[in-house]
Amino acid sequence: HWTKIIDGEMEKPSGLPDGEYNAVDVAYVEKGIDFEIPVGTPSFRYLRFKTLEVWSSGNIAIYELTFWGSESN
């Protein structure tokens, strides 16, 4: 059983069609994208990411995940 926490979306800043990108898009991705999880969300042991659509190749790459917050007892 999975509990949905958030829906996240990365909008392409250049507005170019899928499969095309420019320096603005690259800089956006290299800066990193933050998704806020609402305060009060319960703790979870495992996270699952479900990708529905991508900008180009059909693949995603996650290079780093960093979480901040408090551990619940």
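As a basis for the values below, the full set of heavy atoms in this structure was taken, side chains included, without hydrogen atoms, waters or symmetry mates.
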Closest heavy-atom contact between [X] and [Y]?
| X | Y | value |
| --- | --- | --- |
| M10 | F35 | CG-CZ, 4.0 Å |
| E20 | K12 | O-NZ, 2.5 Å |
| I6 | I37 | CG2-CA, 4.3 Å |

Keeping the roles fixed (side chain from [X], backbone from [Y]), state whether a donor-acceptor pair exists under 3.5 Å.
| X | Y | answer |
| --- | --- | --- |
| N22 | D25 | yes |
| K31 | V26 | no |
| S14 | L16 | yes |

Say you draw a straight line from CD of E11 to OH of Y28; how long is it, rounded to the nearest 0.5 Å?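 Those atoms lie 7.5 Å apart.
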Mind checking whether [X] and [Y] sit in one hydrophobic cluster, side chains of I, L, V, M, F, W, Y counted as touching below 4.5 Å?
| X | Y | value |
| --- | --- | --- |
| I5 | F67 | yes |
| L47 | I62 | yes |
| V54 | V29 | yes |

Compare all side-chain heavy atoms of L65 with those of F49 and state whether any distance is below 4.5 angstrom.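 Counting from C-beta outward, L65 and F49 do come under 4.5 Å.
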E53 and T51: side chain donor to acceptor below 3.5 Å: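 Side chains of E53 and T51: no pair found under 3.5 Å.
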By salt bridge (Lys or Arg N to Asp or Glu O under 4.0 Å) - contacts of D7 (at least two apart):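 Only K4 meet the salt bridge (Lys or Arg N to Asp or Glu O under 4.0 Å) criterion with D7.
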